[in-house]
Amino acid sequence: MRRIPKTTWAWLGAGLLALASCKHDSDTVSTVDPEGPVVPPTPYNLVVPANFPPLPAQPADNPLTVEGVALGRQLFYEKGLSVNSTISCASCHRQELAFTDGLAHAQGVNGSATPRSSMSLANLAWEPKLTWDGAASSLEAQARIPIENPVEMHQTLASGVARLQATSTYPPLFRKAFGSSTITEDNTLKALAQFERTLVSSNSRYDKFLAGNRGALTSYEQQGLVLFVTHPDGPAGIRGGNCKDCHDGSLQTDNAFRNNGLDATLTDLGLGLQTGRSTDNGKFRVPSLRNIALTAPYMHDGRFPNLDSVLSHYNEHIATASPNLDPLILNGSNNKLGAGHPLGLTKDEKAKIVAFLQTLTDTTFTHDRRFAKP
(Lines give C-alpha, C1' and ligand atoms only; values in the text may rest on other atoms or scores of the structure.)
Protein backbone atom coordinates (compact mmCIF):
# COMPACT_ATOMS: atom_id res chain seq x y z
CA MET A 1 0.00 0.00 0.00
CA ARG A 2 1.24 3.44 -0.87
CA ARG A 3 2.20 5.46 2.21
CA ILE A 4 0.67 8.98 2.40
CA PRO A 5 3.31 11.57 3.24
CA LYS A 6 3.12 13.33 6.58
CA THR A 7 2.90 16.67 4.81
CA THR A 8 -0.29 15.52 3.06
CA TRP A 9 -1.84 14.48 6.38
CA ALA A 10 -0.99 17.89 7.78
CA TRP A 11 -2.60 19.59 4.81
CA LEU A 12 -5.79 17.52 5.13
CA GLY A 13 -5.96 18.22 8.86
CA ALA A 14 -5.65 21.94 8.34
CA GLY A 15 -8.38 21.83 5.72
CA LEU A 16 -10.75 20.00 8.01
CA LEU A 17 -10.12 22.50 10.76
CA ALA A 18 -10.82 25.34 8.35
CA LEU A 19 -14.07 23.70 7.26
CA ALA A 20 -15.12 23.25 10.87
CA SER A 21 -14.29 26.87 11.55
CA CYS A 22 -16.34 28.03 8.57
CA LYS A 23 -19.32 25.98 9.69
CA HIS A 24 -19.07 27.50 13.15
CA ASP A 25 -18.90 31.01 11.70
CA SER A 26 -21.91 30.27 9.50
CA ASP A 27 -23.92 29.06 12.48
CA THR A 28 -23.04 32.20 14.41
CA VAL A 29 -24.14 34.47 11.59
CA SER A 30 -27.50 32.68 11.32
CA THR A 31 -28.37 33.55 14.93
CA VAL A 32 -27.69 37.26 14.56
CA ASP A 33 -30.89 39.32 14.64
CA PRO A 34 -31.30 40.75 11.13
CA GLU A 35 -32.73 43.91 12.72
CA GLY A 36 -29.53 44.53 14.61
CA PRO A 37 -28.72 44.30 18.31
CA VAL A 38 -31.47 44.94 20.85
CA VAL A 39 -30.78 48.16 22.72
CA PRO A 40 -32.14 48.36 26.30
CA PRO A 41 -34.81 51.08 26.67
CA THR A 42 -34.01 54.31 28.46
CA PRO A 43 -35.40 54.73 32.01
CA TYR A 44 -38.05 57.47 32.22
CA ASN A 45 -37.72 59.92 35.09
CA LEU A 46 -41.21 60.70 36.35
CA VAL A 47 -40.93 63.86 38.40
CA VAL A 48 -43.10 63.73 41.53
CA PRO A 49 -44.42 67.19 42.47
CA ALA A 50 -43.05 68.46 45.77
CA ASN A 51 -46.50 68.70 47.36
CA PHE A 52 -47.62 65.22 46.24
CA PRO A 53 -47.43 62.05 48.31
CA PRO A 54 -44.68 59.56 47.40
CA LEU A 55 -45.21 57.67 44.19
CA PRO A 56 -46.73 54.25 44.93
CA ALA A 57 -44.76 51.21 43.81
CA GLN A 58 -45.21 50.56 40.11
CA PRO A 59 -45.40 47.07 38.52
CA ALA A 60 -41.98 45.44 38.61
CA ASP A 61 -42.50 43.99 35.13
CA ASN A 62 -43.43 47.35 33.57
CA PRO A 63 -40.94 50.06 34.54
CA LEU A 64 -41.34 53.45 32.91
CA THR A 65 -39.07 53.91 29.90
CA VAL A 66 -38.76 56.72 27.37
CA GLU A 67 -39.51 54.30 24.55
CA GLY A 68 -42.43 52.66 26.34
CA VAL A 69 -44.05 56.00 27.14
CA ALA A 70 -43.62 57.18 23.54
CA LEU A 71 -45.23 53.98 22.26
CA GLY A 72 -48.09 54.30 24.74
CA ARG A 73 -48.71 57.85 23.58
CA GLN A 74 -48.93 56.63 19.98
CA LEU A 75 -51.34 53.87 20.98
CA PHE A 76 -53.48 56.26 23.04
CA TYR A 77 -54.32 58.11 19.82
CA GLU A 78 -54.52 54.98 17.64
CA LYS A 79 -57.98 54.47 16.12
CA GLY A 80 -57.02 51.05 14.79
CA LEU A 81 -57.68 49.66 18.26
CA SER A 82 -61.43 50.15 17.67
CA VAL A 83 -63.42 47.73 15.53
CA ASN A 84 -64.11 50.20 12.71
CA SER A 85 -61.05 52.42 13.20
CA THR A 86 -63.17 55.44 14.13
CA ILE A 87 -62.26 56.10 17.77
CA SER A 88 -59.25 55.89 20.04
CA CYS A 89 -58.66 56.29 23.76
CA ALA A 90 -58.25 60.00 23.08
CA SER A 91 -61.76 60.23 21.61
CA CYS A 92 -63.23 59.97 25.11
CA HIS A 93 -60.25 61.57 26.85
CA ARG A 94 -59.42 64.91 25.25
CA GLN A 95 -56.43 66.76 26.62
CA GLU A 96 -58.04 70.21 26.47
CA LEU A 97 -60.81 68.88 28.76
CA ALA A 98 -58.35 67.35 31.24
CA PHE A 99 -58.79 64.06 29.37
CA THR A 100 -62.58 63.90 29.58
CA ASP A 101 -64.97 64.38 26.63
CA GLY A 102 -67.58 66.95 27.70
CA LEU A 103 -70.42 64.43 27.43
CA ALA A 104 -72.76 63.03 30.05
CA HIS A 105 -72.29 59.57 28.55
CA ALA A 106 -69.17 58.60 26.64
CA GLN A 107 -69.75 57.59 23.03
CA GLY A 108 -68.35 54.42 21.54
CA VAL A 109 -68.19 53.09 17.99
CA ASN A 110 -71.16 53.95 15.77
CA GLY A 111 -72.23 56.60 18.27
CA SER A 112 -73.30 54.06 20.90
CA ALA A 113 -73.68 55.64 24.33
CA THR A 114 -72.13 54.16 27.44
CA PRO A 115 -74.02 54.28 30.76
CA ARG A 116 -71.37 56.46 32.42
CA SER A 117 -69.26 59.53 31.79
CA SER A 118 -65.55 59.53 30.96
CA MET A 119 -63.33 60.10 33.98
CA SER A 120 -60.43 62.52 33.93
CA LEU A 121 -57.01 60.92 33.39
CA ALA A 122 -54.81 62.90 35.74
CA ASN A 123 -52.44 61.61 38.42
CA LEU A 124 -53.48 58.02 37.77
CA ALA A 125 -50.21 56.65 39.13
CA TRP A 126 -51.60 57.42 42.60
CA GLU A 127 -54.98 55.72 42.06
CA PRO A 128 -55.27 52.27 43.68
CA LYS A 129 -58.57 51.49 41.90
CA LEU A 130 -59.74 52.66 38.49
CA THR A 131 -63.02 53.35 36.67
CA TRP A 132 -66.15 54.60 38.40
CA ASP A 133 -66.83 51.21 39.99
CA GLY A 134 -63.27 50.04 40.67
CA ALA A 135 -63.28 47.40 37.94
CA ALA A 136 -59.48 47.52 37.60
CA SER A 137 -56.67 47.69 40.13
CA SER A 138 -53.94 48.58 37.63
CA LEU A 139 -53.65 50.72 34.53
CA GLU A 140 -52.57 47.65 32.59
CA ALA A 141 -55.82 45.87 33.46
CA GLN A 142 -57.93 48.97 32.89
CA ALA A 143 -56.58 49.55 29.38
CA ARG A 144 -58.19 46.34 28.12
CA ILE A 145 -61.69 47.24 29.32
CA PRO A 146 -62.64 50.03 26.86
CA ILE A 147 -60.96 48.27 23.93
CA GLU A 148 -63.05 45.12 24.32
CA ASN A 149 -66.25 46.69 25.69
CA PRO A 150 -69.01 46.24 23.04
CA VAL A 151 -70.32 49.78 23.55
CA GLU A 152 -66.90 51.41 23.53
CA MET A 153 -64.17 50.28 21.08
CA HIS A 154 -65.78 46.86 20.54
CA GLN A 155 -62.73 44.89 19.39
CA THR A 156 -60.82 42.01 20.93
CA LEU A 157 -57.36 43.09 21.91
CA ALA A 158 -56.01 40.16 19.89
CA SER A 159 -57.57 41.65 16.75
CA GLY A 160 -56.14 45.05 17.57
CA VAL A 161 -52.68 43.56 18.06
CA ALA A 162 -52.92 41.82 14.67
CA ARG A 163 -53.70 45.17 13.06
CA LEU A 164 -50.73 46.80 14.73
CA GLN A 165 -48.46 43.94 13.67
CA ALA A 166 -49.45 44.39 10.03
CA THR A 167 -48.29 48.01 9.98
CA SER A 168 -44.82 49.28 9.21
CA THR A 169 -45.05 51.76 12.12
CA TYR A 170 -45.58 49.65 15.20
CA PRO A 171 -43.20 46.64 15.08
CA PRO A 172 -40.09 48.91 15.29
CA LEU A 173 -41.64 50.91 18.13
CA PHE A 174 -42.42 47.77 20.11
CA ARG A 175 -38.89 46.52 19.49
CA LYS A 176 -37.46 49.73 20.91
CA ALA A 177 -39.75 49.60 23.94
CA PHE A 178 -39.83 45.87 24.70
CA GLY A 179 -37.00 44.27 22.72
CA SER A 180 -39.11 42.45 20.13
CA SER A 181 -40.94 43.34 16.92
CA THR A 182 -43.52 40.70 17.74
CA ILE A 183 -46.42 42.64 19.24
CA THR A 184 -48.25 41.06 22.17
CA GLU A 185 -51.38 41.94 24.08
CA ASP A 186 -49.45 42.33 27.33
CA ASN A 187 -46.95 44.77 25.85
CA THR A 188 -49.73 46.80 24.24
CA LEU A 189 -51.40 47.20 27.63
CA LYS A 190 -48.08 47.94 29.31
CA ALA A 191 -47.28 50.73 26.86
CA LEU A 192 -50.68 52.38 27.32
CA ALA A 193 -50.26 52.16 31.10
CA GLN A 194 -46.80 53.72 30.94
CA PHE A 195 -48.07 56.74 29.03
CA GLU A 196 -51.02 57.22 31.36
CA ARG A 197 -48.75 57.14 34.42
CA THR A 198 -46.96 60.22 33.09
CA LEU A 199 -50.17 62.31 33.02
CA VAL A 200 -49.34 64.39 36.08
CA SER A 201 -51.28 67.59 36.81
CA SER A 202 -49.79 69.78 39.53
CA ASN A 203 -49.51 73.40 38.37
CA SER A 204 -52.82 75.08 39.12
CA ARG A 205 -53.14 78.47 40.79
CA TYR A 206 -54.03 76.60 43.95
CA ASP A 207 -50.71 74.73 43.78
CA LYS A 208 -48.91 78.05 43.48
CA PHE A 209 -50.85 79.31 46.49
CA LEU A 210 -49.81 76.25 48.50
CA ALA A 211 -46.21 76.85 47.45
CA GLY A 212 -46.31 80.26 49.14
CA ASN A 213 -47.59 82.62 46.44
CA ARG A 214 -50.49 84.14 48.38
CA GLY A 215 -51.34 86.37 45.44
CA ALA A 216 -52.20 83.34 43.33
CA LEU A 217 -55.74 83.39 44.77
CA THR A 218 -57.97 86.41 45.16
CA SER A 219 -59.49 87.23 48.53
CA TYR A 220 -62.84 85.94 47.28
CA GLU A 221 -61.28 82.63 46.17
CA GLN A 222 -59.50 82.29 49.50
CA GLN A 223 -62.82 82.68 51.27
CA GLY A 224 -64.08 79.84 49.09
CA LEU A 225 -61.05 77.76 50.07
CA VAL A 226 -61.80 78.31 53.77
CA LEU A 227 -65.36 77.11 53.26
CA PHE A 228 -64.12 74.17 51.17
CA VAL A 229 -61.81 72.84 53.87
CA THR A 230 -64.03 73.59 56.90
CA HIS A 231 -66.21 70.91 58.41
CA PRO A 232 -69.41 72.71 59.43
CA ASP A 233 -70.72 72.65 62.97
CA GLY A 234 -73.98 74.55 63.10
CA PRO A 235 -74.47 74.47 66.88
CA ALA A 236 -70.93 75.87 67.34
CA GLY A 237 -71.43 78.53 64.66
CA ILE A 238 -68.69 77.10 62.41
CA ARG A 239 -69.66 77.46 58.78
CA GLY A 240 -68.19 75.24 56.08
CA GLY A 241 -68.80 73.38 52.87
CA ASN A 242 -67.95 69.88 54.09
CA CYS A 243 -65.93 69.25 50.89
CA LYS A 244 -62.52 68.38 52.31
CA ASP A 245 -63.81 65.25 54.02
CA CYS A 246 -63.74 63.42 50.67
CA HIS A 247 -61.62 65.72 48.48
CA ASP A 248 -58.53 66.15 50.58
CA GLY A 249 -54.82 66.65 50.01
CA SER A 250 -52.82 67.47 46.92
CA LEU A 251 -54.62 64.84 44.87
CA GLN A 252 -58.05 66.22 45.81
CA THR A 253 -59.49 62.77 46.48
CA ASP A 254 -59.42 60.23 49.29
CA ASN A 255 -59.45 57.37 46.72
CA ALA A 256 -62.52 55.89 48.39
CA PHE A 257 -65.85 54.69 47.01
CA ARG A 258 -68.91 56.45 48.43
CA ASN A 259 -72.63 56.89 47.92
CA ASN A 260 -73.19 60.64 47.81
CA GLY A 261 -76.97 60.57 47.89
CA LEU A 262 -77.88 60.95 44.23
CA ASP A 263 -80.88 58.59 44.18
CA ALA A 264 -83.28 56.96 46.60
CA THR A 265 -83.69 54.10 44.11
CA LEU A 266 -80.49 52.84 42.54
CA THR A 267 -80.31 52.23 38.79
CA ASP A 268 -76.53 51.71 38.75
CA LEU A 269 -75.06 49.65 41.59
CA GLY A 270 -71.54 51.03 41.12
CA LEU A 271 -68.97 49.26 43.30
CA GLY A 272 -71.59 46.65 44.17
CA LEU A 273 -71.42 45.37 40.60
CA GLN A 274 -67.79 44.40 41.20
CA THR A 275 -67.91 43.10 44.76
CA GLY A 276 -71.38 41.56 44.79
CA ARG A 277 -71.93 43.03 48.25
CA SER A 278 -75.20 44.84 48.84
CA THR A 279 -73.38 47.19 51.20
CA ASP A 280 -71.41 48.51 48.21
CA ASN A 281 -74.44 49.27 46.07
CA GLY A 282 -74.58 52.88 44.92
CA LYS A 283 -70.95 53.62 45.78
CA PHE A 284 -68.71 55.23 43.18
CA ARG A 285 -65.10 56.29 43.11
CA VAL A 286 -64.50 59.74 44.57
CA PRO A 287 -63.00 61.65 41.62
CA SER A 288 -60.23 64.17 42.01
CA LEU A 289 -61.37 67.77 41.82
CA ARG A 290 -58.26 68.81 39.92
CA ASN A 291 -59.25 70.56 36.68
CA ILE A 292 -62.87 70.21 37.79
CA ALA A 293 -63.94 73.37 35.91
CA LEU A 294 -62.99 71.59 32.66
CA THR A 295 -64.65 68.25 33.23
CA ALA A 296 -68.40 68.98 33.15
CA PRO A 297 -70.92 67.42 33.17
CA TYR A 298 -70.53 65.86 36.60
CA MET A 299 -71.14 62.59 38.48
CA HIS A 300 -70.82 59.08 37.10
CA ASP A 301 -73.80 59.64 34.83
CA GLY A 302 -73.16 63.28 33.94
CA ARG A 303 -76.44 64.46 35.43
CA PHE A 304 -75.18 67.85 36.62
CA PRO A 305 -74.28 70.32 33.85
CA ASN A 306 -72.23 72.75 35.95
CA LEU A 307 -70.61 73.33 39.33
CA ASP A 308 -73.55 75.38 40.59
CA SER A 309 -75.83 72.36 40.20
CA VAL A 310 -73.30 70.16 42.01
CA LEU A 311 -73.24 72.54 44.98
CA SER A 312 -77.02 72.65 44.98
CA HIS A 313 -77.14 68.86 45.16
CA TYR A 314 -74.95 68.69 48.24
CA ASN A 315 -76.63 71.68 49.81
CA GLU A 316 -80.29 70.95 49.22
CA HIS A 317 -81.03 67.72 47.33
CA ILE A 318 -79.38 64.76 49.06
CA ALA A 319 -81.54 61.63 48.77
CA THR A 320 -81.43 60.68 52.44
CA ALA A 321 -83.20 57.39 51.72
CA SER A 322 -80.45 56.27 49.34
CA PRO A 323 -79.10 52.82 50.30
CA ASN A 324 -75.61 52.99 51.84
CA LEU A 325 -75.60 56.78 51.97
CA ASP A 326 -72.18 57.83 53.21
CA PRO A 327 -72.17 59.18 56.78
CA LEU A 328 -69.82 62.00 55.74
CA ILE A 329 -72.63 63.49 53.67
CA LEU A 330 -74.82 64.12 56.69
CA ASN A 331 -72.42 64.39 59.61
CA GLY A 332 -71.86 68.11 59.12
CA SER A 333 -74.37 70.91 58.69
CA ASN A 334 -74.49 74.66 59.04
CA ASN A 335 -77.93 74.26 60.56
CA LYS A 336 -78.04 75.22 64.23
CA LEU A 337 -79.72 71.89 64.92
CA GLY A 338 -76.55 70.12 63.77
CA ALA A 339 -75.77 66.97 61.79
CA GLY A 340 -78.54 65.20 59.93
CA HIS A 341 -79.95 68.40 58.48
CA PRO A 342 -79.30 69.92 55.03
CA LEU A 343 -75.89 71.53 54.58
CA GLY A 344 -77.42 75.01 54.60
CA LEU A 345 -74.88 77.09 52.66
CA THR A 346 -75.99 80.51 51.51
CA LYS A 347 -76.03 81.48 47.83
CA ASP A 348 -72.93 83.61 48.38
CA GLU A 349 -71.09 80.80 50.15
CA LYS A 350 -71.83 78.40 47.31
CA ALA A 351 -70.54 80.95 44.80
CA LYS A 352 -67.32 81.36 46.77
CA ILE A 353 -66.73 77.60 46.77
CA VAL A 354 -67.29 77.47 43.01
CA ALA A 355 -64.81 80.31 42.58
CA PHE A 356 -62.23 78.34 44.54
CA LEU A 357 -62.86 75.17 42.52
CA GLN A 358 -61.99 77.08 39.37
CA THR A 359 -58.49 77.73 40.76
CA LEU A 360 -57.79 73.99 40.48
CA THR A 361 -57.43 74.27 36.69
CA ASP A 362 -53.95 73.43 35.42
CA THR A 363 -53.47 74.91 31.94
CA THR A 364 -49.89 73.61 31.84
CA PHE A 365 -51.36 70.11 31.92
CA THR A 366 -53.94 70.74 29.23
CA HIS A 367 -51.35 72.26 26.86
CA ASP A 368 -48.39 69.96 27.56
CA ARG A 369 -47.04 68.76 24.20
CA ARG A 370 -45.80 65.54 25.82
CA PHE A 371 -49.40 64.41 26.16
CA ALA A 372 -50.73 65.60 22.79
CA LYS A 373 -51.26 63.55 19.65
CA PRO A 374 -47.86 62.63 18.15
Side-chain angles (χ1 to χ4, degrees), residues 52-53 56 89 92-106 114-137 139 142 145-146 196-197 199-202 204 206-207 228-229 241-263 268-274 280 282-314 318 322 324-326 328-329 353-354 356-362 365-366:
F52 273 34
C89 301
C92 293
H93 300 284
R94 295 162 48 191
Q95 184 180 7
E96 68 271 22
L97 297 178
F99 293 97
T100 58
D101 61 5
L103 301 174
H105 300 274
T114 69
R116 297 175 183 159
S117 62
S118 296
M119 299 196 80
S120 176
L121 304 185
N123 304 325
L124 297 178
W126 284 267
E127 289 284 356
K129 290 285 187 179
L130 299 154
T131 76
W132 280 108
D133 60 9
S137 56
L139 283 166
Q142 188 280 328
I145 296 173
E196 290 176 350
R197 285 193 177 98
L199 300 177
V200 176
S201 177
S202 64
S204 67
Y206 178 53
D207 290 297
F228 180 91
V229 301
N242 208 27
C243 313
K244 184 176 178 288
D245 285 1
C246 298
H247 300 283
D248 192 15
S250 298
L251 299 174
Q252 285 290 304
T253 175
D254 62 0
N255 301 121
F257 289 79
R258 302 183 185 280
N259 178 345
N260 61 346
L262 293 173
D263 301 296
D268 187 335
L269 298 184
L271 182 62
L273 290 172
Q274 302 300 324
D280 287 333
K283 295 180 180 180
F284 294 91
R285 179 174 142 206
V286 176
S288 171
L289 297 186
R290 284 190 168 274
N291 300 298
I292 193 68
L294 303 177
T295 61
Y298 303 106
M299 304 299 163
H300 68 277
D301 55 5
R303 68 177 63 190
F304 297 133
N306 51 50
L307 291 172
D308 291 335
S309 56
V310 172
L311 264 293
S312 293
H313 162 70
Y314 287 113
I318 296 294
S322 186
N324 306 313
L325 178 64
D326 200 283
L328 290 177
I329 298 295
I353 292 174
V354 169
F356 164 69
L357 292 174
Q358 291 169 341
T359 73
L360 298 174
T361 300
D362 178 3
F365 178 66
T366 58

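Along the sequence shown, the residues carry numbers beginning at 1.
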Practice prompt. Dump the intermediate steps for side-chain contact (heavy atoms from CB on, under 4.5 Å) on Ser322 and Leu262, then the final yes or no.
Written response: CA-CA 7 Å; Ser322 186; Leu262 293 173; over 6 Å; no
Worksheet entry | N/O donor-acceptor pair under 3.5 Å between Thr114 side chain and Ala106 backbone |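 Yes, Thr114 side chain to Ala106 backbone: donor-acceptor pair under 3.5 Å.
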Worksheet item: Sub-3.5 Å donor-acceptor pair from the side chain of Ser120 to the main-chain atoms of Ala98, do we have one?
Response: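 Answer holds: yes.
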Quick one: does [X]'s side chain get under 4.5 Å of [Y]'s, heavy atoms only?
| X | Y | value |
| --- | --- | --- |
| Tyr206 | Gln252 | yes |
| Leu103 | His105 | no |
| Phe99 | Leu199 | yes |
| Ile329 | Asn259 | no |
| Leu139 | Leu130 | yes |
| Leu307 | Tyr298 | yes |
| Ile318 | Leu325 | yes |
| Ile353 | Leu311 | yes |

Quick check: closest heavy atoms across [X] and [Y], and the distance to 0.1 Å?
| X | Y | result |
| --- | --- | --- |
| Ser117 | Ala104 | CB-O, 3.2 Å |
| Met299 | Phe304 | CG-CD1, 3.4 Å |
| Ile145 | Ala136 | CD1-CB, 4.1 Å |
| Phe228 | Leu357 | CE1-CD2, 3.8 Å |
| Pro305 | Pro297 | CA-CB, 4.2 Å |
| Met119 | Pro287 | CE-CB, 4.1 Å |

Item to complete: For side-chain contact (heavy atoms from CB on, under 4.5 Å), just list the numbers for Arg116 and Asp133, CA-CA rounded to whole Å, side-chain angles, deciding distance to a tenth of an Å, and then say yes or no.
Response: CA-CA 10 Å; Arg116 297 175 183 159; Asp133 60 9; 2.9 Å; yes
Worksheet item: By ring-ring contact (aromatic ring centres under 6.0 Å, His included), which residues pair with Trp132, not counting sequence neighbours?
Response: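 Trp132 satisfies ring-ring contact (aromatic ring centres under 6.0 Å, His included) with no other residue.
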Worksheet entry | Counterpart residues, ring-ring contact (aromatic ring centres under 6.0 Å, His included), relative to His300 (two or more places apart) |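 Per chain and number, His300 pairs via ring-ring contact (aromatic ring centres under 6.0 Å, His included) with Phe284.
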Interatomic spacing from [atom1] in [X] to [atom2] in [Y] - rounded to 0.5 Å:
| X | Y | atom1 | atom2 | value |
| --- | --- | --- | --- | --- |
| His93 | Asp101 | NE2 | CG | 7.5 Å |
| Cys246 | Asp326 | SG | CG | 6.0 Å |
| Lys129 | Asn255 | NZ | CG | 12.0 Å |
| Gln95 | Thr100 | CD | OG1 | 11.5 Å |
| Leu289 | Thr253 | CG | OG1 | 8.0 Å |
| Leu360 | Asn291 | CG | CG | 8.0 Å |

Worksheet item: Which pairs pass salt bridge (Lys or Arg N to Asp or Glu O under 4.0 Å) with one or both residues in residues 284-298, sequence neighbours excluded?
Response: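 Pairs touching residues 284-298 that pass the test: Glu127-Arg285, Asp207-Arg290.
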Fill in: Working for side-chain contact (heavy atoms from CB on, under 4.5 Å), residues Leu124 and Arg197
CA-CA 6 Å; Leu124 297 178; Arg197 285 193 177 98; over 6 Å; no
Worksheet item: So among Leu328, Asp254, Val229, which one has a side-chain contact (heavy atoms from CB on, under 4.5 Å) with Asp245?
Response: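 The residue from Leu328, Asp254, Val229 that satisfies side-chain contact (heavy atoms from CB on, under 4.5 Å) with Asp245 turns out to be Leu328.
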Worksheet entry | Ring geometry between Trp126 and Phe52 (parallel below 30°, tilted from 30 to 60°, perpendicular above 60°) |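 It falls in the perpendicular class, over 60°.
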